Amino acid sequence: MQRLAPALREDNVPLDLISLIKTVLAATKEISFRVGQGHLSGLMGSTLDENIQGEVQKELDVVANELFKDILLESGFVKAISSEEEDTSVAGNPDGKYIVSFDPLDGSSNIEINSLIGTIFSIHPAIDGMDASDPDMFKQAGNKQICAGYVLYGPSTMLVMTTGKGTHFYVLDRTYGGYLLVERNVQISEDTQEFSVNMSNQRFWESPMQDYINDLLLGTEGPRGKNFNMRWCAAMVGDVHRVLTRGGLFTYPADSKDLAKPNKLRLMYEANPMSFLVEQAGGLSVTSTQRIMDIEPTDIHQRVEVILGSKNEVNKCLSYYK
Ligand code: AFP
């Protein structure tokens, strides 16, 4: 099995970007170790603090965020970082060529139940002439990403990453201490009979999404004429990983539960990197009105509606909005 750096060189990834990716992954190896320690790590509880999104932070969220922040800022490769757990972006090396956005621990409600969690990251080019402390540098569309990926801390620790030359799967080999390539150019099947959505929000969705999901639930007795299975991990990393592995449709639709917050998922830390991975694997990733990677961000903590996965099923879902 191929090691990470040669696999990236095969995709003509520049050497300094490979070094940055290795820096990101060094932090994930430490997080993987701590996640694997479970209760023994002493980090299973909640803090008394809330992040900028108004969510109570878990101890592991805070530790993972500090780890990422320190390792990236000390590396010298990055001009600035932006994290789901930070109020605003943080300046790094003014001459750094890259900026990194990350969700250090996605799916934190799964920590206490020993279930799937992960780290999501997205790399954009730094903008020359802009101050390293200016958060506006992060207001770049997803189509400008040069690398995106996630690390899933499951029964095995998996890295799923793209640099724009396909989406590849790697597994952390603890005996060797690095990630090994296990599947190149993953492809999402165009059709599926599986969907993924938090059904408890159903009554708050807009009517097109209600109609679409109702038709899936009717199975062979409804207009789709086939049965659909449903899966929900409560961690986008887990749900997207399933879609990349065996197809499916994943959605976090707009809802009216909290009118101040019609969308849940974050554009920079969740939607954009996952969209890059999904599109590179032949799938689609959209809102009900546009391609996610074409959204021009207005705020670094912006939230967005997400419908992604198997191409034909995403298009079918969109047809309910027309
Ligand atoms: P955190 O990053 O705060 O852990 O949230 C995870 C997440 O944004 C995403 O990974 C899930 O799909 C979604 O929340 C699940 O949220 P609900 O279970 O509350 O619907």
Side-chain angles (χ1 to χ4, degrees), residues 28 31 34-35 43-47 49-69 82-87 101-122 148-154 158 160 194-206 209 213 230-244 248-258 260-278 285 287 292 300-309:
T28 66
I31 297 170
R34 290 180 190 238
V35 168
L43 296 171
M44 300 297 282
S46 297
T47 66
D49 300 325
E50 282 187 356
N51 64 13
I52 182 83
Q53 333 268 341
E55 299 153 343
V56 175
Q57 290 177 304
K58 304 277 168 122
E59 287 172 281
L60 211 50
D61 277 327
V62 175
V63 167
N65 187 53
E66 290 303 316
L67 245 163
F68 259 95
K69 199 164 72 169
S82 168
S83 162
E84 187 186 301
E85 303 298 336
E86 297 284 331
D87 294 356
S101 309
F102 56 89
D103 177 354
L105 220 52
D106 178 63
S108 14
S109 69
N110 281 349
I111 293 173
E112 63 193 358
I113 61 164
N114 196 17
S115 192
L116 288 181
I117 47 179
T119 293
I120 311 175
F121 58 92
S122 157
Y150 63 80
V151 172
L152 181 64
Y153 308 110
M158 282 192 80
V160 176
E194 197 161 65
F195 70 100
S196 180
V197 67
N198 184 341
M199 285 297 296
S200 69
N201 294 326
Q202 185 174 24
R203 69 189 188 281
F204 301 108
W205 300 334
E206 293 167 344
M209 185 56 80
I213 297 289
M230 203 280 280
R231 286 283 182 270
W232 181 248
C233 291
M236 193 185 188
V237 277
D239 287 312
V240 170
H241 193 65
R242 189 187 51 257
V243 168
L244 284 165
L249 178 134
F250 166 87
T251 180
Y252 214 111
D255 66 53
S256 58
K257 199 155 84 175
D258 174 355
K261 227 187 261 176
N263 294 303
K264 164 108 193 200
L265 299 181
R266 274 99 348 173
L267 178 62
M268 305 291 186
Y269 318 111
E270 295 171 316
N272 267 340
M274 293 311 199
S275 298
F276 196 12
L277 292 166
V278 164
S285 185
T287 69
I292 286 178
I300 62 172
H301 293 303
Q302 185 168 341
R303 292 171 188 260
V304 68
E305 176 187 31
V306 173
I307 307 166
L308 63 76

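Note that ligands are numbered from 1 as they come in the structure, with each ligand's atoms numbered from 1 the same way. This one's a predicted model, so the numbers in the text were calculated from it and none came from an experiment.
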### Query
So, is N201 polar-close to ligand 1, with some N/O to N/O distance under 3.5 Å?
no
### Query
Is there a side-chain contact between I111 and E59, using heavy atoms and a 4.5 Å cut-off?
no
## Note on the structure
closest protein heavy atom to atom 14 (O) of ligand 1 is K264 CE, 3.2 Å
#### Entry: Check: N65/S83 side-chain N/O donor and acceptor closer than 3.5 Å
yes
### Task
Would you kindly say whether T119 and Y153 are connected by a side-chain donor-acceptor distance under 3.5 Å?
yes
### Task
Could you tell me which non-hydrogen atom of L116 sits nearest to which non-hydrogen atom of A235, and how far apart they are?
O-CB, 3.6 Å
### Message
As an exercise, identify every atom of ligand 1 less than 4.0 angstrom from a heavy atom of E270.
### Response
2 (O), 7 (C), 8 (O), 9 (C), 10 (O)
### Query
Any idea which heavy atoms bring A271 and S275 closest together, and the distance?
O-OG, 2.6 Å
### Message
With heavy-atom distances below 4.0 Å as the criterion, list the atoms of ligand 1 near N198.
### Response
17 (P), 18 (O), 20 (O)
### Query
Quick one: which of D61, L105, D106 has a heavy atom closest to atom 6 (C) of ligand 1?
D106
### Message
Within this structure, what is the CE-CE distance for the pair M230 and M199, rounded to the nearest 0.5 Å?
### Response
6.0 Å
### Message
At under 4.0 Å between heavy atoms, is it the side chain or the backbone of D103 that contacts ligand 1, or both, or neither?
### Response
side chain
### Task
Check whether the side chains of Y269 and D106 place a donor and an acceptor atom closer than 3.5 Å, and report yes or no.
no
#### Entry: Per-atom contacts of ligand 1 with A235, taking only distances under 4.0 Å to non-hydrogen atoms
10 (O)
### Task
From atom 9 (C) of ligand 1, work out which of K58, E84, M236 has a heavy atom at the shortest distance.
M236
### Message
Quick check on W232 - does any of its heavy atoms sit under 4.0 Å from an atom of ligand 1?
### Response
yes
#### Entry: Atoms of ligand 1, numbered as shown, that sit under 4.0 Å from any heavy atom of R266
2 (O), 3 (O), 5 (O), 8 (O)
### Query
N/O to N/O below 3.5 Å, does that happen between L265 and ligand 1?
no
### Query
Does a sphere of radius 6.0 Å around CG in N114 hold more than 12 heavy atoms from other residues, nucleotides or ligands, not counting ones at 6.0 Å or beyond?
no
### Query
Would you say ligand 1 has an N or O under 3.5 Å from any N or O of S108?
yes
### Task
Decide whether an N or O pair under 3.5 Å exists between Y252 and ligand 1.
yes
